[in-house]
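Beneath this line is the structure, given in structure tokens, with notes to follow.
Throughout, protein chains are lettered first and strands after them, A, B, ... in sequence-line order, and every chain is numbered starting at 1.
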2 protein chains.
Amino acid sequence: MQIYRLVQMNQLSTKEKIIAKSLAMFNEYGVENITTRHIAKELGISQGNLHYHYPNKNEILSTLFHNFIHQIKSAERFNGTEFNTIEMYESMLENFRIMDNYRLFFQQNEVIWRRIPEIKNGMVQLFLSKKNEILDLIHIYKSEGKFRQDISASQIDFLAEQFIFTIQSWLMAKNYHPQGHSAEHYAKFLFRSWLPYLNNETMKKWEEIL
Amino acid sequence: MQIYRLVQMNQLSTKEKIIAKSLAMFNEYGVENITTRHIAKELGISQGNLHYHYPNKNEILSTLFHNFIHQIKSAERFNGTEFNTIEMYESMLENFRIMDNYRLFFQQNEVIWRRIPEIKNGMVQLFLSKKNEILDLIHIYKSEGKFRQDISASQIDFLAEQFIFTIQSWLMAKNYHPQGHSAEHYAKFLFRSWLPYLNNETMKKWEEIL
DNA sequence: GTCTATACAGCGATAGAC
DNA sequence: GTCTATCGCTGTATAGAC
């Protein structure tokens, strides 16, 4: 389990402060509405100073994306061979919390991808590797006999696609439920999509966790 | 089945041309990047003329949203009592094609909602009514014994949530597959999510359509 | 590292002539 | 209905002093 250090804003360097404040403001008010003037003003520094650290707005966005990918990679738990139900759920939840922190990359992806096409490539890449992870996992569960026998192979492939679909889209769907739905809600949601594919015994066991 | 008339651009009034061109350009280049200047230039009219018809950019967006809602409402087919499998699939597909035409409201919703909060309310409202529709449909299928008996009631409710989730999010997920995936693909995708909840006989029948 | 000052382009929107 | 011209504002980015 990774430990996140809680750091006070005034302990950060100016460069780090810019990143932290940018993330918060982009998430809340939108990348297209937040200018380098806004960020500088909010931090009580000059715009010139901000541009000394980051020559332009895209450089800030690229740094944020780099940080996001780094955190996601650091949170990988599945070693390719074994993954019990609880571990799987907790790993999913951890990933969802990181995604929530960097939700601009999911809720504002069109805006960001148009500004920086490389970020789109990075996202596509990320989900390709996630899809392989999930296919491995399905393969393990299959060989352990946890799936129903009357489900066709193509339908099991569909399950993998649906899994990735949900991970990519939950922060978008969350927008339609302003208050109600947290990362926990969608982690359980993702989990639930597996249930009807499992055999009766496994399904009962999984349902307990929810 | 609704008939869409194919109309040449030069048969439209200036006011209609503005709407058609705006839709195309917003979809392709993003609402935040397309200005009234761009639209006017592309149409070969002056910016002043454009502002005569639509006093500001938001007025164009509101009109587009109004048109979208009108088309969706006109395409409603489910009468609340009967809906066979083929009808259901074709109705889904028709809805998906309309959504694809107006994809800005799904792929750029954060940008648009921040500009015009009423559009968010309209979207939330739309999906609330769609959710009720789907719950009615599930109720019918349930009473006809088409669902598996060993699936819990809460899991059936989950199916309804997942259904709405997919409708809201497929155009977002589509972004990750630039070439491959069409409205047809996601209509089938949506359809497939029902399969493991159905009893064996019904599942086989549904699977034929895919 | 941090500041002030400024250049320059592009935005939304309006006025007024035809 | 359509045009040209223009205002005021805000955006990114840079130069140069401390």
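Applying the side-chain hydrogen bond (donor to acceptor under 3.5 Å, both in side chains) rule to A:T35 yields the partners A:H38; only residues at least two apart in sequence or on another chain are considered.
Residues A:F163 and A:W170 place their aromatic rings such that the two centres sit no closer than 6.0 Å. The aromatic ring centres of A:Y197 and A:F147 sit 6.0 Å or more apart. Annotation: A:F105 is not in aromatic contact with A:W113 [ring centroid separation under 6.0 Å not met].
As rounded to whole Å, 13 Å separates atom C1' of D:dT2 from atom CG of B:L43. When the C1' atom of D:dT4 is taken as reference, atom CG of B:L50 falls 15 Å away, rounded to whole Å. Residue A:M25 contributes atom CE, which lies 11 Å from atom P of D:dG11 at whole-angstrom precision. If you measure from atom CD of B:E32 to atom C1' of C:dG10, you get 15 Å, rounded to the nearest angstrom. Residue A:K41 contributes atom NZ, which lies 13 Å from atom C1' of D:dT10 at whole-angstrom precision.
Note on A:E94 versus A:R77: salt bridge recorded, some NZ/NE/NH1/NH2 to OD/OE distance being below 4.0 Å. A salt bridge does not link B:K188 with B:E184: every distance from a Lys NZ or Arg NE/NH1/NH2 to an Asp or Glu carboxylate oxygen is 4.0 Å or more.
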(request) Scan nucleotides 12-18 of chain C nucleotide by nucleotide, 5' to 3', and note B when protein non-hydrogen atoms come under 4.0 Å of the base, S if they reach only the sugar-phosphate, - if neither. (result) BBB----

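For D:dT2, the OP1/OP2 oxygens have a side-chain nitrogen or oxygen of B:H53 closer than 4.0 Å. OP1 or OP2 of D:dG1 sits under 4.0 Å from a side-chain N or O of B:Y52. Between D:dC3 and B:N49, a contact under 4.0 Å exists linking OP1 or OP2 to a side-chain N or O.
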